[in-house]
Structures are given as C-alpha cells and as structure tokens.
Amino acid sequence: MTRTRPARRRRMRERQLAAEESRVIVPVVVPDAAAAAAFAFSNSLSSSESPPDEEVSAVPELFSFGLQRGSHSYGVQPLGNMFLNASNCNVRNVGLGSLQVLPDVLLLDIFGYLGSKDLGRLALVSKAFYVFAHQDSLWRTVVLENFTGELAFKGCWKSTFLASSLVPGFTGASHVPLKVTDFYSDYIFQSWLCASLEIKDEWLSTDNIERREAPSVEEFIRDFEELNKPVLLTGVLKSWPAVKKWDRPYLLNKAGDCAFTAGPINLKLNDYFAYADSVKEERPLYIFDSKFGEKAPQLAADYDIPVYFREDLFSILGNDRPDFRWLIAGPARSGSSFHIDPNSTSAWNAVVRGSKKWLLYPPEVVPPGVHPSPDGADVASPVSITEWFMNYYGVTQQRKEKPVECICREGEVVFVPRGWWHIVINLEDSIAVTQNYVSRRNLLNVLEFLNRPNSKELVSGTMDRVNLYEKFRSKYEQLFPGSIESLQQQAEARKLQNQKACMWDTITDVKTGGFKFAFS
C-alpha cells in the first residue's frame, strides 16, 4: 500500500531527516570492559588516537549509562562490538546487498513510505531487512496514518497493528521479536538506547532559576517581566481546584471519552492513559491540546489564570486570536524539544501533577545541538529529547553561556519570557496547563514579529496568518488610542538611557573609579 504525505508533513520530515543525519553517535553500555574499549575504538577510527590497549581494567566513565532494559529486542549491537567478532562480519551489510552503501537513516526514511503489506514482505527478504522492517517507528507510522479513533496499545506498535481493526479477523499471538546475531548499527542501537536510558542524576542536579514565593504583581513586573527574565513561582496555585482534583479517576470521569490531540491524532483520554502506562519508545506521544477547554469545559473551570498573567491583549480579538492555552499530559521522557514560543509571546506553565525538568537560554544564545534557519521559520535539533540530554547536556556545563535550569513540581509555575529557547522533559507521568499571552511589556515585540516580511511562515496558531497584524493593531488602537505611541516613546527613552550607560562604561573603570580608553 502506497501512501502520500501532505506538503507540510514532507517539510517536517525533511527537517527531521536533517536532524537524524546529524545525530551524534556516542559510546554506550556494552557487555564488558573489553567491549567498551572496542566500541570506543570504532568511534575514534577517524581520529589520530591509538587503538586501546588489549587489557582494560575498568569501563571508562564514558560508558556508565544506566539502562531500564537489558538488550535490543532484535539483537542489534553498536558497531564497535563487531571488533569482538572473529569473523568481522556484519549481517546488516550482507543482507542489504547493494543497498548497504546507504545510511540507516535514509533506508528507514524510504521504508517509511511503505504500507503494512510491503513491510511484511520486506521482512522476509533477509535477516537485515527483517530488522529494518520491524523498527517500531515504521509501524507507529502505519498505525497513526490509518488511525480511526480507537487505540489499544499493546506495548509495541507492531503488536498494536496486529490487534487493531486494520487486520480484521486476526487471532494470532502478539508479535514476538526474533534476535538476529551479528547485526551492528550505531544508528538503530542509539534509537533503542534513547528509549531505554534512565534519566541521569547529573541532568537534574543544577537548579539555578530564581524562585519567588507569591510575589506581588508589581514585583513580578519589575523584577521579571520588564527584564524578560524567567522565574519559578511557588504558592500561586493554592486556589486551583485542579491541584486537588486532577487524579486519573477524576479526569477519566470528566473527560475519559474526550479525544485530545496527541501528536498527529486525536486520542481518547482513557486510550492515552493505557498507552502511557506501557510505552517504551524514544519519542512518546503526549497530549498537547489547544481546544481542551471546549472539549472538556469542566477541566477549564478547574483553574484560573494566575494574577500575574491576566493582562492578555490578544484576548481583544475574541475567537480570531491565535491558539493560546494547552492541556499537556505525558509519561516520563515525553516533552518538547528546544523551541521558542509562538508569535513572540511570553508564557506560563503550571504543573498540576508530576514534575518537569527545564533548560532555558536567552534569545541571543542558540542552545548546543540546535540549528535554526536564518529566517527563524525552521529549527533542526536532535531526534529526541533524551538524545539531546545524552549528547549535549554535558556541553552546556562547559560553555560560557550557562542555561537557566530547574525542576518544576506540582503546584509550581514557570514564567517563560518572550524569545527564550527552552526544552522540557517530563520526569514522571505529568499533567500541566500552559498559556501564552501578550502584555503591554511585550506588545511592541509582538507587533514587530507579526509585521515581518515572512510573517506568513512565522505566525502560528491561526488560519489567517497574513492579516493577524492588521487585525490586532487596528483593534488595539481602537480600544487604546495613543497607547502604542506612548510605549514606543518609553522604549526609545530606555534605549537612550542604556546607550548612555554603555558609553560611560567605555571611559570609566567601574572597578577602580579611574578612566580608561576604548578603541575599536
């Protein structure tokens, strides 16, 4: 069965492919110290380092990954282990024949266009094709592209497919993977590794965000919003019924049959919880629904906007405003990769259940491993959040520009200023509510963003990307005449004041009180 993809999905897949092609393969856990040394050698063949000594007394710290599962379901091993094989044979290359010259990421992308019958036939060609054709990401695509509203997840996507209505009358057993010996692939192994890796303590040890216990609105504006600085707020959700009520039985009672957006499908909440309880994949589906208030009004009634964020100027557009609030729910390891919030808005994110690890970078600092396009319309980053932490978190500790980090727990709120890069990973089953907003402190930035020449590619959350600027500005000026000009004058005054301060710094040594000269 051949499937076609919409243009938008093809563009998204092209960006994902670019990220996958740049995937950094790192040394991983292998059976013993000698194997670890062999794998390290295989990853350094292109360097000038010498091969490791034959006798290795201990596994280097580089290989001290903790795993939640012991071995790859299909027996795939990292490429370095091939050096321990006396025959030096890789079943991958033998079974692929002439296709062995193609990288694994490209092969999987090609196979991603195949339907279930073709994948089944492909698995019969050779051991190598068997491994490729059973990659769970391929069967996930098959299931989700043919999704009809019901999902009974069976632990892996191949078994889910066999048990679904897509295979009418099938009464056989669930899929049982066959172990293939001497199959070596760093790319396929690392995908499994990212799904099996424990969240490391060192990823959680830094917590350097400023925390405030229920500050006044004036303090929040002065110390954080005007400075465009993140903060973690505590003690501000005490009045929320959601904090007391939102356990699983309550949510299933109020919204169990509601279909919430989870990746490319709308999934009933009871089906999603069943999926989340048994999923073991690199990029778990997670609920991120902008219409939850309409689908489940009781959930929207269980919280109110914290007092710091109630000036939301986009609200003057009524139903024409861009998407602005989301229900977020997901298992451990789900979350969002590095991104900047839409339309130059600021945001708040309140954790109702569970906990989340946050890393944030200011607008002028691009996070390691992240590659935005020049116009800002596209971002290439590692395939999964776990992969980013595994390959790049250590880099953040070595760079001069350190990220702002924190763990946000139940009843706490993170303020995300406009333009800040951030990545979020759920440390456990988590539920949160988030909203984006525009206040007077951010109005000029939003108007500038909406009026950019390529706004059609940049603006999101609305069907009318082209006219959003005119709609918003004209409505605002109608309600608040002269306000924009006043804000512009204030901004110019602050800019001039900052320039004077910088000029004085060039001639005055603030440490000694003396004078200095600056040459360019």
Side-chain angles (χ1 to χ4, degrees), residues 199-238 240 243 305-309 326 328 330 332-341 344-370 381 385-386 388-389 392-428 430-437 439 441-442:
I199 294 176
K200 308 298 289 181
D201 290 341
E202 53 263 36
W203 300 347
L204 312 178
S205 58
T206 301
D207 195 317
N208 58 4
I209 197 170
E210 186 168 349
R211 294 171 177 264
R212 287 287 182 92
E213 171 78 24
S216 68
V217 174
E218 292 74 18
E219 290 173 334
F220 170 77
I221 293 174
R222 181 194 65 211
D223 297 341
F224 303 104
E225 195 177 30
E226 286 187 345
L227 299 180
N228 209 45
K229 176 183 175 182
V231 63
L232 190 149
L233 302 171
T234 62
V236 300
L237 304 183
K238 295 178 180 178
W240 277 25
V243 174
I305 300 173
V307 64
Y308 314 102
F309 316 112
W326 291 265
I328 307 174
R333 252 195 298 273
S334 64
S336 57
S337 56
F338 265 112
H339 65 284
I340 295 173
D341 278 345
S344 198
T345 56
S346 298
W348 56 270
N349 187 298
V351 176
V352 181
R353 290 288 179 269
S355 57
K356 298 171 179 284
K357 169 69 179 186
W358 286 74
L359 274 88
L360 305 97
Y361 277 100
E364 67 274 11
V365 180
V366 177
V370 176
S381 61
I385 302 171
T386 304
W388 185 89
F389 273 91
Y392 292 105
Y393 182 77
V395 178
T396 68
Q397 307 307 301
Q398 301 167 9
R399 293 176 61 172
K400 178 181 178 181
E401 307 93 345
K402 297 291 190 295
V404 174
E405 301 185 46
C406 69
I407 295 177
C408 187
R409 297 178 172 84
E410 293 181 8
E412 298 178 339
V413 179
V414 170
F415 166 63
V416 185
R418 60 147 186 100
W420 276 67
W421 292 95
H422 52 284
I423 187 172
V424 188
I425 183 170
N426 290 325
L427 305 180
E428 55 188 311
S430 300
I431 302 173
V433 174
T434 185
Q435 291 195 188
N436 291 68
Y437 74 103
S439 71
R441 270 69 59 187
N442 193 28

Inset, instruction - Quick one: pull up CD in Glu401 and OG1 in Thr396 and give me the separation to the nearest 0.5 Å. - result: 11.0 Å

Donor-acceptor contacts, no H, no angles, side chain residues 223-233, under 3.5 Å, sequence neighbours left out:
{"from": "Asp223", "atom 1": "OD2", "to": "Arg212", "atom 2": "NH1", "distance (Å)": "3.2"}
{"from": "Asp223", "atom 1": "OD2", "to": "Arg212", "atom 2": "NH2", "distance (Å)": "3.2"}
{"from": "Glu225", "atom 1": "OE1", "to": "Arg441", "atom 2": "NE", "distance (Å)": "3.1"}
{"from": "Glu225", "atom 1": "OE1", "to": "Arg441", "atom 2": "NH2", "distance (Å)": "3.2"}
{"from": "Glu225", "atom 1": "OE2", "to": "Tyr437", "atom 2": "OH", "distance (Å)": "3.0"}
{"from": "Glu225", "atom 1": "OE2", "to": "Ser439", "atom 2": "OG", "distance (Å)": "2.7"}
{"from": "Asn228", "atom 1": "OD1", "to": "Arg418", "atom 2": "N", "distance (Å)": "3.4"}
{"from": "Asn228", "atom 1": "ND2", "to": "Arg418", "atom 2": "O", "distance (Å)": "3.1"}
{"from": "Lys229", "atom 1": "NZ", "to": "Glu210", "atom 2": "OE1", "distance (Å)": "2.8"}

Legend entry - Contacts of Trp421 that satisfy ring-ring contact (aromatic ring centres under 6.0 Å, His included) - sequence neighbours left out: none

Inset, instruction - For Arg211, check salt bridge (Lys or Arg N to Asp or Glu O under 4.0 Å) against everything at least two apart and list the hits. - result: Asp207, Glu412

Inset, instruction - State which residues pass side chain to side chain donor-acceptor pair (under 3.5 Å) with Ser334; sequence neighbours excluded, sorted by chain then number. - result: Asn426

Legend entry - side-chain contact (heavy atoms from CB on, under 4.5 Å) partners of Asn208, counting only residues at least two apart: Thr206, Val404, Glu405

Inset, instruction - Could you pull out all residues at least two apart from Trp420 that satisfy ring-ring contact (aromatic ring centres under 6.0 Å, His included)? - result: none

Inset, instruction - For Phe338, enumerate each residue passing the ring-ring contact (aromatic ring centres under 6.0 Å, His included) test, keeping only those at least two apart in sequence or located in another chain. - result: Trp388

Inset, instruction - Decide side chain to side chain contact (heavy atoms under 4.5 Å, CB included) for Asn349 and Lys356; before the verdict, give the C-alpha distance in whole Å, the side-chain angles of both, and the deciding distance to 0.1 Å. - result: CA-CA 10 Å; Asn349 187 298; Lys356 298 171 179 284; 4.1 Å; yes

Legend entry - Residues forming a side chain to side chain donor-acceptor pair (under 3.5 Å) with Ser430, sequence neighbours excluded: none

Inset, instruction - Measure the CG-CH2 distance between Leu427 and Trp203 for me, rounded to the nearest 0.5 Å. - result: 10.5 Å

Legend entry - OG-CG distance between Ser346 and Asn436, expressed to the nearest 0.5 angstrom: 8.5 Å

Legend entry - Qualifying residues under side-chain contact (heavy atoms from CB on, under 4.5 Å), relative to Glu213, sequence neighbours excluded: Thr234, Lys238

Inset, instruction - First locate atom CH2 of Trp358, then atom CD1 of Ile407, and finally report the distance between them rounded to the nearest 0.5 Å. - result: 13.5 Å

Inset, instruction - Using the test side chain to side chain donor-acceptor pair (under 3.5 Å), find all partners of Trp240 that sit at least two apart in sequence or belong to another chain. - result: Asp304

Inset, instruction - Applying ring-ring contact (aromatic ring centres under 6.0 Å, His included), name anything that partners Phe220, two or more places apart in sequence or on another chain. - result: Tyr308, Phe309, Phe415

Legend entry - From CA spacing to verdict: salt bridge (charged side-chain N to carboxylate O under 4.0 Å, His left out), Lys200, Glu202: CA-CA 5 Å; Lys200 308 298 289 181; Glu202 53 263 36; 5.0 Å; no

Inset, instruction - For Arg222, check side-chain contact (heavy atoms from CB on, under 4.5 Å) against everything at least two apart and list the hits. - result: Glu219

Legend entry - Separation of Tyr361 OH from Lys402 NZ (nearest 0.5 Å): 8.5 Å

